[in-house]
Peer 1: 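For reference, the structure I am asking about is given below.
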Amino acid sequence: MTIRLLLADDHPVVRAGLRAVLDTEPDFAVVAEAATAERAVQLAAAGGVDVVLMDLQFGSGMHGSEATAAITAASGGPKVLVLTTYDTDADILAAVEAGASGYLLKDAPPEELAAAVRTAAAGQSALAPAVAHRLMDRMRTPAEALTKRELEVLQLVGEGLSNQQISKVLFLSQATVKSHLVHVFAKLGVDSRTAAVATATARRLIRR
């Protein structure tokens, strides 16, 4: 059975490279490409796709995890395999929660990519070894792990937003934002926003 693929990435060179690699597999057929997450959602909804290879960052438009959630929410829709350069906890958790069947890094060898596509198409989980390791670490020390919401708040702190701005972006009260930051400081063993961002970046919890 041929596995029909949709490539969703805003870089034409990346899509061309992926197509060149995937076209060598006899059971793969790249049937569509999307330069934006919004277009990926449209093409996935149109049918005729089994697996979407989804980047996470698409410039100023919809985020890849948002597109993943929209695609996987549809009954009978294609599977989504996230293919990105980001391996932070914030990105991984957002993608998994959005319903991604797999999470692979762009430096994965061709055989690993092909195996992940087949695994996702079969309805099973396909995680890069490094990603699986990070998730296992979170499960081993749940009390120390930052929650998805704490990571979201900290990511926005790292982008320079104030508590008031964060409250508007995440639709939270400022008191709730402060509470999340108190928990973040305690878990990371720091006492300032700057130290929290530096520590989280060093641990690859968020990206800068």
Side-chain angles (χ1 to χ4, degrees), residues 8-10 37 40 52-73 80-108 116 125-174 176-208:
D9 195 293
D10 59 342
V52 180
L53 273 68
M54 178 71 70
D55 193 13
L56 287 183
Q57 202 66 42
F58 287 86
S60 60
M62 177 187 280
H63 193 269
S65 60
E66 294 178 88
T68 297
I71 292 170
T72 58
V80 177
L81 175 63
V82 169
L83 186 62
T84 182
T85 57
Y86 305 113
D87 64 347
T88 67
D89 283 20
D91 289 307
I92 295 168
L93 288 182
V96 171
E97 190 170 280
S101 294
Y103 197 108
L104 211 61
L105 301 179
K106 285 183 177 178
D107 61 0
S125 177
L127 298 174
V131 172
H133 181 71
R134 292 190 71 80
L135 290 176
M136 286 299 293
D137 281 347
R138 289 181 58 85
M139 292 175 65
R140 291 191 187 102
T141 57
E144 301 172 16
L146 300 188
T147 66
K148 180 174 178 288
R149 181 61 87 187
E150 289 166 355
L151 288 167
E152 288 173 340
V153 169
L154 189 53
Q155 181 70 59
L156 293 175
V157 170
E159 293 171 12
L161 275 66
S162 66
N163 285 5
Q164 183 179 11
Q165 292 170 319
I166 293 171
S167 70
K168 292 179 179 178
V169 171
L170 298 180
F171 303 102
L172 300 172
S173 69
Q174 290 190 57
T176 300
V177 172
K178 290 179 181 177
S179 177
H180 283 312
L181 286 175
V182 168
H183 293 149
V184 167
F185 290 2
K187 290 178 179 180
L188 296 182
V190 298
D191 57 6
S192 72
R193 297 163 76 92
T194 302
V197 170
T199 300
T201 302
R203 295 185 188 178
R204 299 207 313 276
L205 303 179
I206 61 172
R207 53 175 143 117
R208 292 297 303 271

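Side chains included, hydrogens not; waters and symmetry mates left out as well; all remaining heavy atoms used. Because the structure is predicted, anything quoted here is derived from the model rather than measured.
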Peer 1: If every non-hydrogen atom of Val82 is compared with every non-hydrogen atom of Ala95, which pair is closest and at what distance?
Peer 2: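 For Val82 and Ala95, the tightest heavy-atom pair comes out as CG2-CB, 3.9 Å.
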
Peer 1: Short question: side chain of Arg138, backbone of Leu146 - any donor-acceptor pair under 3.5 Å?
Peer 2: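 Yes: the side chain of Arg138 pairs with the backbone of Leu146.
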
Peer 1: How long is the gap from OH on Tyr86 to CD1 on Ile206, to the nearest 0.5 Å?
Peer 2: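 Separation between the atoms: 13.0 Å.
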
Peer 1: For a 4.5 angstrom cut-off between non-hydrogen side-chain atoms, does Val52 reach Leu81?
Peer 2: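 No; the side chains remain at least 4.5 Å from each other.
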
Peer 1: For the CD atom of Gln155 and the CG atom of Leu161, what is their distance to the nearest 0.5 Å?
Peer 2: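 It is 10.5 Å, given to the nearest 0.5 Å.
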
Peer 1: Heavy atoms, side chains only, cut-off 4.5 Å: are Val169 and Leu156 in contact?
Peer 2: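 They are in contact (side-chain heavy atoms under 4.5 Å apart), so the answer is yes.
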
Peer 1: Determine whether Leu151 and Thr88 make a side-chain contact, defined as any pair of heavy atoms from C-beta on separated by less than 4.5 Å.
Peer 2: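 The answer is no, as the side chains (C-beta and beyond) never meet within the 4.5 Å cut-off.
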
Peer 1: Which residue pairs pass the salt bridge (Lys or Arg N to Asp or Glu O under 4.0 Å) test with at least one member in residues 185-199, sequence neighbours excluded?
Peer 2: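 Non-adjacent pairs meeting salt bridge (Lys or Arg N to Asp or Glu O under 4.0 Å): Glu150-Lys187.
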
Peer 1: Checking side-chain contact (heavy atoms from CB on, under 4.5 Å) for the pair Tyr103/Leu56: CA distance, chi angles, key distance, verdict?
Peer 2: CA-CA 10 Å; Tyr103 197 108; Leu56 287 183; 3.4 Å; yes

Peer 1: Going by heavy atoms in the side chains, are Ile166 and Val177 under 4.5 Å from each other?
Peer 2: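 With C-beta onward as the side chain, the pair touches.
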
Peer 1: Roughly how far, to the nearest 0.5 Å, is the CE atom of Met54 from the CG atom of Leu83?
Peer 2: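 Atom-to-atom, Leu83:CG and Met54:CE are 11.0 Å apart.
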
Peer 1: Contact between Leu154 and Leu188 at the side-chain level, heavy atoms closer than 4.5 Å - yes or no?
Peer 2: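 Answer yes - side chains close enough.
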
Peer 1: Evaluate whether atom NZ of Lys178 has more than 12 neighbouring non-hydrogen atoms of other residues, nucleotides or ligands under 6.0 angstrom away.
Peer 2: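 No, the 6.0 Å shell around NZ holds no more than 12 heavy atoms from other groups.
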
Peer 1: Is there a donor-acceptor pair under 3.5 Å between the side chain of Gln165 and the backbone N or O of Ser162?
Peer 2: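 At least one qualifying donor-acceptor pair exists.
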
Peer 1: Heavy atoms, side chains only, cut-off 4.5 Å: are Thr201 and Val197 in contact?
Peer 2: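 Yes - at least one pair of side-chain heavy atoms lies under 4.5 Å apart.
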
Peer 1: Between Asp89 and Arg204, does any side-chain N to carboxylate O distance fall below 4.0 Å?
Peer 2: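 Not counted as a salt bridge, because no side-chain N and carboxylate O are separated by less than 4.0 Å.
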
Peer 1: Short question: side chain of Ser173, backbone of Thr176 - any donor-acceptor pair under 3.5 Å?
Peer 2: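 Answer holds: yes.
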
Peer 1: Which pair of heavy atoms, one from Ala100 and one from Thr68, lies closest together, and at what distance?
Peer 2: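 Looking at all heavy atoms of both residues, the closest pair is N-CG2, 3.7 Å.
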
Peer 1: Please find the pair of heavy atoms, one from Ala116 and one from Leu104, that lie closest to each other, and give the distance.
Peer 2: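 For Ala116 versus Leu104, the nearest heavy atoms are CB-CD2, 3.9 Å.
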
Peer 1: For Glu97 and Ala94, indicate whether the former's side chain and the latter's backbone hold a donor-acceptor pair under 3.5 Å.
Peer 2: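 Judged by distance alone, no pair lies under 3.5 Å.
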
Peer 1: For Ala37 versus Phe58, what's the shortest heavy-atom pair and its separation?
Peer 2: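 Minimum heavy-atom contact is N-CD2, 3.5 Å.
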
Peer 1: Once salt bridge (Lys or Arg N to Asp or Glu O under 4.0 Å) is applied, what residue pairs with a partner in residues 54-65 remain, sequence neighbours excluded?
Peer 2: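 Non-adjacent pairs meeting salt bridge (Lys or Arg N to Asp or Glu O under 4.0 Å): Asp55-Lys106.
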
Peer 1: Would you say Leu93 and Leu135 make side-chain contact, with heavy atoms under 4.5 Å?
Peer 2: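 With C-beta onward as the side chain, the pair touches.
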
Peer 1: Over all heavy atoms of both residues, which pair between Arg203 and Arg134 is shortest? Give the atoms and the distance, please.
Peer 2: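 Closest approach of Arg203 to Arg134, heavy atoms only: O-NH2, 2.8 Å.
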
Peer 1: For Met136, what residues pass the side chain to side chain contact (heavy atoms under 4.5 Å, CB included) criterion, not counting sequence neighbours?
Peer 2: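 For Met136, the residues satisfying side chain to side chain contact (heavy atoms under 4.5 Å, CB included) (neighbours in sequence not counted) are Met139, Arg140.
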
Peer 1: Atom CG in Asp91, atom CG in Leu205: separation rounded to 0.5 Å?
Peer 2: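 Between Asp91 CG and Leu205 CG, I get 11.0 Å after rounding to 0.5 Å.
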
Peer 1: Answer yes or no: is there a side-chain heavy-atom contact under 4.5 Å between Leu170 and Arg149?
Peer 2: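 Yes, close enough: below the 4.5 Å cut-off.
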
Peer 1: Can you name the nearest heavy-atom pair linking Ala8 to Ala40, along with the distance?
Peer 2: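 Taking every non-hydrogen atom into account, CB-CB, 3.7 Å.
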
